[in-house]
Amino acid sequence: MKHTDILLYNYDHKLLEMLTGKLLGDGNIIIQKNRKPRFRFGHSIKDRDWCVHCYQKLAGFLPLNPPKYRRVIDSRIKGGFSELYYVQSKTDPIFAHLKEIWYNDTVKVIPKENERKNSAEKLFYQHE
């Protein structure tokens, strides 16, 4: 059975649309050698409410840690740093299937089926 079929058969379609939107936008699957994949997304400090909203919507379906604040030192940015809130998941089998669909080794790619169709829900959760 293909990874897409496994997802469609075993997971809520609304969840899959929200994850697709996040992966089309600011979300990613964390891939580390000898570890199970995890899901992560983040938003700038000014979009904290949006980060919390997305967390609340997804937490009903997935094992997620609450949003955490992070300050990133970066000399390329005016002021020398950026501030963001991020949400990172615990491990779950869904992320292994998403990794196979969305990643070529460790590089994120847009799956062919997403090039043809985008629902309002997917586009909504793509917000950056």
Side-chain angles (χ1 to χ4, degrees):
M1 188 178 266
K2 292 172 25 178
H3 293 283
T4 303
D5 294 333
I6 291 168
L7 290 172
L8 291 172
Y9 182 77
N10 292 299
Y11 295 94
D12 185 276
H13 289 214
K14 187 169 185 79
L15 166 65
L16 296 175
E17 289 202 344
M18 289 186 287
L19 287 171
T20 298
K22 295 310 280 174
L23 289 167
L24 284 169
D26 55 6
N28 64 298
I29 303 291
I30 300 169
I31 302 167
Q32 297 172 310
K33 190 173 183 170
N34 299 322
R35 297 190 73 182
K36 294 179 182 178
R38 289 167 289 149
F39 173 67
R40 181 178 173 143
F41 66 90
H43 293 282
S44 73
I45 195 167
K46 68 181 182 210
D47 288 330
R48 179 190 176 280
D49 290 344
W50 177 246
C51 187
V52 170
H53 170 79
C54 293
Y55 162 75
Q56 290 170 337
K57 289 290 191 183
L58 291 167
F61 298 102
L62 300 170
L64 297 176
N65 295 306
K68 288 186 181 178
Y69 169 81
R70 184 171 179 209
R71 182 176 174 158
V72 179
I73 305 300
D74 189 341
S75 60
R76 299 171 298 170
I77 299 172
K78 186 177 179 180
F81 65 91
S82 64
E83 296 176 292
L84 64 113
Y85 281 90
Y86 72 93
V87 172
Q88 185 169 303
S89 75
K90 298 171 184 169
T91 61
D92 189 273
I94 191 172
F95 305 125
H97 295 296
L98 289 169
K99 179 180 94 62
E100 293 302 319
I101 294 168
W102 282 87
Y103 285 80
N104 182 0
D105 196 23
T106 58
V107 177
K108 185 164 68 168
V109 295
I110 298 175
K112 295 236 182 277
E113 58 266 16
N114 283 311
E115 292 175 359
R116 292 189 305 271
K117 59 183 177 183
N118 281 306
S119 73
E121 189 79 18
K122 287 179 195 174
L123 296 174
F124 181 72
Y125 281 92
Q126 184 180 341
H127 167 81
E128 292 190 54

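A quick note: this is a predicted structure, and the numbers were derived from the prediction, not measured.
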Problem set entry | Set of residues satisfying ring pair (Phe, Tyr, Trp, His ring centres under 6.0 Å) with respect to Y69, sequence neighbours excluded |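 With neighbours one apart ignored, the set is Y85.
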
Exercise. Mind checking what makes ring pair (Phe, Tyr, Trp, His ring centres under 6.0 Å) contact with H3, not counting sequence neighbours?
Worked result: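 Here the qualifying residues are H97.
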
In Å and rounded to the nearest 0.5 Å, what is the [atom1] to [atom2] distance from [X] to [Y]?
X	Y	atom1	atom2	result
D26	C54	CG	SG	7.5 Å
I29	W102	CD1	CH2	9.5 Å
R38	Q32	CZ	CD	4.5 Å
S82	I77	OG	CD1	4.0 Å
L98	T20	CG	OG1	7.5 Å
I101	L7	CD1	CG	4.5 Å

Within one Ile-Leu-Val-Met-Phe-Trp-Tyr cluster: [X] and [Y], side-chain cutoff 4.5 Å:
X	Y	answer
L15	L8	yes
F39	I30	no
V52	W50	no

Problem set entry | Test item: K68 side-chain N/O and Q88 main-chain N/O as donor-acceptor pair under 3.5 Å |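 No, K68 side chain to Q88 backbone: no donor-acceptor pair under 3.5 Å.
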
Exercise. Has the side chain of K36 got a donor or acceptor atom that lies under 3.5 Å from a matching backbone atom of F95?
Worked result: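 Not a single qualifying donor-acceptor pair exists.
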
Exercise. Between P67 and C51, what is the shortest heavy-atom contact and its length?
Worked result: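 Closest approach of P67 to C51: CB-SG, 4.2 Å.
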
Exercise. Which pair of non-hydrogen atoms, one from A59 and one from L64, has the smallest distance, and what is that distance?
Worked result: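 It is N-CD1, 3.8 Å.
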
Exercise. Among pairs that include at least one residue of residues 5-37, which meet ring-ring contact (aromatic ring centres under 6.0 Å, His included), considering only residues two or more places apart or in two chains?
Worked result: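 For residues 5-37: none.
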
Problem set entry | For Y86, the rest of its hydrophobic cluster, which grows through side-chain links under 4.5 angstrom |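 V72, L84, listed by chain and number.
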
Exercise. Do any pairs count as a salt bridge (Lys or Arg N to Asp or Glu O under 4.0 Å) and have a residue in residues 92-107, sequence neighbours left out, and if so which ones?
Worked result: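 Output for this query is empty, none listed.
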
Exercise. Taking the six-membered ring for Trp, are F41 and H43 parallel (under 30°), tilted (30 to 60°) or perpendicular (over 60°)?
Worked result: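 Judged by the thresholds at 30° and 60°, the geometry between F41 and H43 is perpendicular.
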
Problem set entry | Steps toward side-chain contact (heavy atoms from CB on, under 4.5 Å) verdict (L16, I94) | CA-CA 10 Å; L16 296 175; I94 191 172; 4.2 Å; yes

For this session: Go through the structure and list residues passing side-chain hydrogen bond (donor to acceptor under 3.5 Å, both in side chains) with D74, not counting sequence neighbours.
Result: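 Applying side-chain hydrogen bond (donor to acceptor under 3.5 Å, both in side chains) to D74 gives R76.
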
